[in-house]
Amino acid sequence: MASLLRRLLSITQPDVSNATTRRMNLNSADLPKIFRPPVNRAMQTLDKSFFRKVVPLAAATISDVRQITAIRKELDKSQDLLRISPIKPLREDDSVPGAKCLLLRPEIDAKEPKTWSPTISRLVEDKLASLRPYDLTLTYDDWTMHNILEAILPEIPEDEKETPAGFAQVGHVAHVNLREAYLPYKYIIGQILVDKNPNITTVINKTFDVGTESVFRTFPYEVIAGPDDLDVTVHESGCEFKFNFGKVYWNSRLGTEHARLFELFKEGEAVCDVMAGVGPFAVPAGKRKVFVRANDLNPDSYRSLQDAIKSNKVSDFVSASCEDGREFIRSATRELLHAPREARLPSKLKISRKLTKEEMQALRKEADAAAQVLKEPHVFSHYVMNLPASAIEFLDAFRGLYHGHEAEFKPYTSKALPLIHLYLFQAKLVAEEEEIQEICERISTHIGAAVALDDTELEMQVRFVRLVAPKKKMFCASFRIPASVAFAQP
């Protein structure tokens, strides 16, 4: 994350290699100082009128508007055009009725021909353009969120700087984790985030880390802008989820990881999603015709999961439970062994307006008879355990899970023992190899059997997911249940 309050480049000499000859935006680290907003680090209540600045520039006036496109291309090619997004270089020119003008880079002085490039000199000499001073007025609406924040936040030691604009968005809600130095500015920060992000109406600041106060991974928060409305609608992987963000766990940054995992599941397989949340793994998997038994201990997550199953029309493939994860691993496995489900995949009807009512009924019966029936297997192919803080502690539930059902698996059938996809936190060590080794040792302790990265029978893989904190990482460890565990005497 880019740090705040970078040292700015002060442009004084006309030079085509200068920063302003490159295309940049108002967030650029080397943005010329004259384009930065005025600074007021004592501002506690947002005063938008304070952020007004007049930037003296030169402009090329073009009387014949038919020449604008050609002249603009020439000035762009010669790197004389102002190239700072979102400032538009083409403007109305009030000095000449009906004319327009093009803003030029700040090193050009309309009254000093020695600052002009050969292209500008030629255009002026050929009377295709004339140069004039132009006062560009920038206001609060022109500057970005980062520009405004940099102008009001306190100067703090370099190693402690972190942009509070680094927020995560869930529906219409933005949530931030403000450092102590920024807390006196929390309301002004919240208002700026709302102003500069049209899709955000509520901003909250987390007052503790996720999981600090709740087993459900929810967190205490304070509203710093907008209404206290955390009922959100989120779309991910072609599915819609509705939930109260203050009552359930959701991390928008994990969308890619969710997709990576559920895309491993094959049509017709059975999956046990032990800590399912509102269903980011389960519901998209159901869309892919994967049978999923999903569970979450949080009653609010359970209700939102039920709603997502219904609204996304995956109830033939996904079921919801609300119980302890350890018990769910055992109960869902027992139920699947003895009562697998079926899902009918009806044939698509070719509707014709010419058909009579009787013909339509006959066509529907024919389609029902031709419908494909997908049967749920007797055993799971995957167990998903997405509770990084404590899921590893539930591994003892797999001991003896398939005792007495050895004939369901290799070598009696072609079916391999199920894969466990375990999400967990790991302290950051000197080398990732050390972290993976420690992960394997921790898993071995909790599951009661040796689990190693080089164990081809277990197909062990450990994948880095994201950096959670400077000294804490999140991983996903995927491995098959060791036979000595699965078939052990309970």
Pairs flagged by salt bridge (Lys or Arg N to Asp or Glu O under 4.0 Å) wherever residues 318-332 is involved - sequence neighbours left out:
Arg326-Asp396, Glu327-Arg334
Determine, for Glu150 against Arg36, whether the closest basic-nitrogen to carboxylate-oxygen distance falls under 4.0 angstrom.
yes
Nearest 0.5 angstrom please: Ile439 CD1 to Ile392 CD1, how far?
8.0 Å
Does some side-chain heavy atom of Val274 sit less than 4.5 Å from a side-chain heavy atom of Val384?
no
Quick one, Tyr185 and Pro154 - any side-chain contact, counting heavy atoms below 4.5 Å?
yes
Shortest non-hydrogen separation from Thr413 to Ala407 and the atoms involved:
CG2-O, 3.2 Å
Can you tell me if CD on Glu263 sees more than 12 non-hydrogen neighbours from other groups inside 6.0 Å?
yes
Output yes when a side-chain donor or acceptor of Thr202 lies under 3.5 Å from a complementary backbone atom of Asp228, and no otherwise.
no
If we only count heavy atoms from C-beta on, is the Tyr423 to Glu257 side-chain gap below 4.5 Å?
yes
Give the intermediate values and the outcome of side chain to side chain donor-acceptor pair (under 3.5 Å) for residues Gln306 and Tyr302.
CA-CA 6 Å; Gln306 288 180 306; Tyr302 169 66; 2.9 Å; yes
Look at Arg293 together with Glu376 and state whether they make a salt bridge at an N to O cut-off of under 4.0 Å.
yes
Is Asn205 reaching over with its side chain to a backbone N or O of Leu178, donor-acceptor style, under 3.5 angstrom?
yes
Between Trp250 and Phe245, is the gap from one ring center to the other below 6.0 Å?
no
Can Phe51 and Leu46 be said to form a side-chain contact (heavy atoms from CB on, under 4.5 Å), step by step?
CA-CA 10 Å; Phe51 297 100; Leu46 184 61; 4.3 Å; yes
Tell me whether the guanidinium CZ or amine NZ of Lys206 lies under 6.0 angstrom from the six-membered ring centre of Phe219 and within 45° of its axis.
yes
Mutual orientation of the aromatic rings belonging to Phe281 and His258 [parallel < 30°, tilted 30-60°, perpendicular > 60°]
perpendicular
If you draw a 6.0 Å radius around NZ in Lys196, do more than 12 non-hydrogen atoms from other residues or ligands fall strictly inside?
yes
Considering residues at least two apart in sequence or located in another chain, which fulfil the salt bridge (Lys or Arg N to Asp or Glu O under 4.0 Å) criterion with Arg303?
Asp300
Give the minimum heavy-atom separation between Val283 and Val314, together with the two atoms involved.
O-CG1, 4.0 Å
What is the ring orientation for Phe464 with Phe475, classed by angle as parallel under 30°, tilted 30 to 60°, or perpendicular over 60°?
perpendicular
If we ignore hydrogens and angles and just use 3.5 Å, is the side chain of Asp142 paired with the main-chain N or O of Thr139 as donor and acceptor?
yes
Main-chain N/O of Ser321 paired with Asp296 side-chain donor or acceptor, under 3.5 Å:
no
Hey, do the aromatic rings of Phe487 and Tyr402 have their centres closer than 6.0 Å?
no
Tell me whether Lys48 is salt-bridged to Asp141, with the criterion being a basic N under 4.0 Å from an acidic carboxylate O.
no
Asp455 (side chain) donor-acceptor with Glu457 (main chain) under 3.5 angstrom:
yes
Counting neighbours of NE2 on His446 that are heavy atoms of other residues, nucleotides or ligands and sit closer than 6.0 Å, is the number greater than 12?
yes
Do Ser28 side-chain atoms and Asn25 backbone N/O form a donor-acceptor pair below 3.5 Å?
yes
Heavy-atom closest contact (Ala477 atom, Ile443 atom, distance):
CB-CD1, 3.7 Å
Is a side-chain N or O of Arg480 found less than 3.5 angstrom from the main chain of Leu417, in a donor-acceptor match?
yes
Quick one: CG on Leu453 to CE on Met460, what's the gap to the nearest 0.5 Å?
6.5 Å
With side chain to side chain donor-acceptor pair (under 3.5 Å) as the test, would you mind laying out the steps for Asn27 and Thr144 before giving the verdict?
CA-CA 7 Å; Asn27 286 335; Thr144 69; 2.5 Å; yes
Show every side-chain hydrogen bond (donor to acceptor under 3.5 Å, both in side chains) that has at least one partner inside residues 265-291, sequence neighbours left out.
Glu269-His382
Looking only at atom types and distance, does a side-chain atom of Ser304 sit under 3.5 Å from a main-chain N or O of Val278, one as donor and one as acceptor?
no
Mind checking whether Ile152 and Arg41 have side chains closer than 4.5 Å, heavy atoms only?
no
Any side-chain heavy-atom pair from Asp195 and Tyr140 closer than 4.5 angstrom?
yes
Rounded to the nearest 0.5 Å, what separates atom CZ in Phe291 from atom NZ in Lys375?
10.5 Å
So Leu149 and Met145, do their side chains get closer than 4.5 Å, heavy atoms only?
yes
What I want to check is whether the side chains of Asp47 and Ser49 have a donor and an acceptor closer together than 3.5 Å.
yes
Is a side-chain donor or acceptor of Ser252 paired with a backbone partner of Gln169 at a separation under 3.5 angstrom?
yes
Verify side-chain contact (heavy atoms from CB on, under 4.5 Å) between Ile188 and Thr45, making sure each step is shown before the conclusion.
CA-CA 6 Å; Ile188 195 170; Thr45 302; over 6 Å; no
Is the gap between the ring centers of Phe380 and Tyr383 under 6.0 Å?
yes
Kindly indicate whether the side chain of Val176, heavy atoms from C-beta on, has any atom under 4.5 Å from the side chain of Leu193.
yes
Using 0.5 Å steps for rounding, measure from the CD1 atom of Ile309 to the SG atom of Cys239.
11.0 Å
Taking the side chain from Glu406 and the backbone from Gly404, do they hold a donor-acceptor pair closer than 3.5 Å?
yes
Less than 4.0 angstrom from a charged side-chain N to a carboxylate O is my criterion; do Lys473 and Glu435 meet it?
yes
Closest non-hydrogen atoms of Ala486 and Ile481, given as atom of the first, atom of the second and distance, are CB-CG2, 3.8 Å
Qualifying residue for side-chain hydrogen bond (donor to acceptor under 3.5 Å, both in side chains) with Gln426, from Glu434, Arg442, Glu432
Arg442
Between Asn147 and Trp143 the two heavy atoms that sit nearest each other are OD1-CD1, 3.4 Å
Test item: Lys186 and Glu222 side chains (from C-beta on) under 4.5 Å apart, heavy atoms
yes
Closest non-hydrogen contact found for Leu424 with Leu422 is CD2-O, 3.6 Å
Could you check Met275 against Phe328 for side-chain contact (heavy atoms from CB on, under 4.5 Å), going step by step and ending with a plain yes or no?
CA-CA 9 Å; Met275 299 94 175; Phe328 179 73; over 6 Å; no
For Gln437 and Glu441, test the side chains for any donor-to-acceptor distance below 3.5 angstrom and give the result as yes or no.
yes
Once rounded to the nearest 0.5 Å, what's the spacing between atom CG of Asp229 and atom CD1 of Ile204?
11.0 Å
May I ask you to establish whether Lys415 and Phe409 are in a cation-pi arrangement, using a distance under 6.0 Å from NZ or CZ to the six-membered ring centre and at most 45° from the ring axis?
no
More than 12 foreign heavy atoms under 6.0 Å from CZ of Arg260: is that the case here?
yes
Could you measure the distance from the CZ atom of Phe479 to the CD atom of Glu459? Nearest 0.5 Å is fine.
12.5 Å
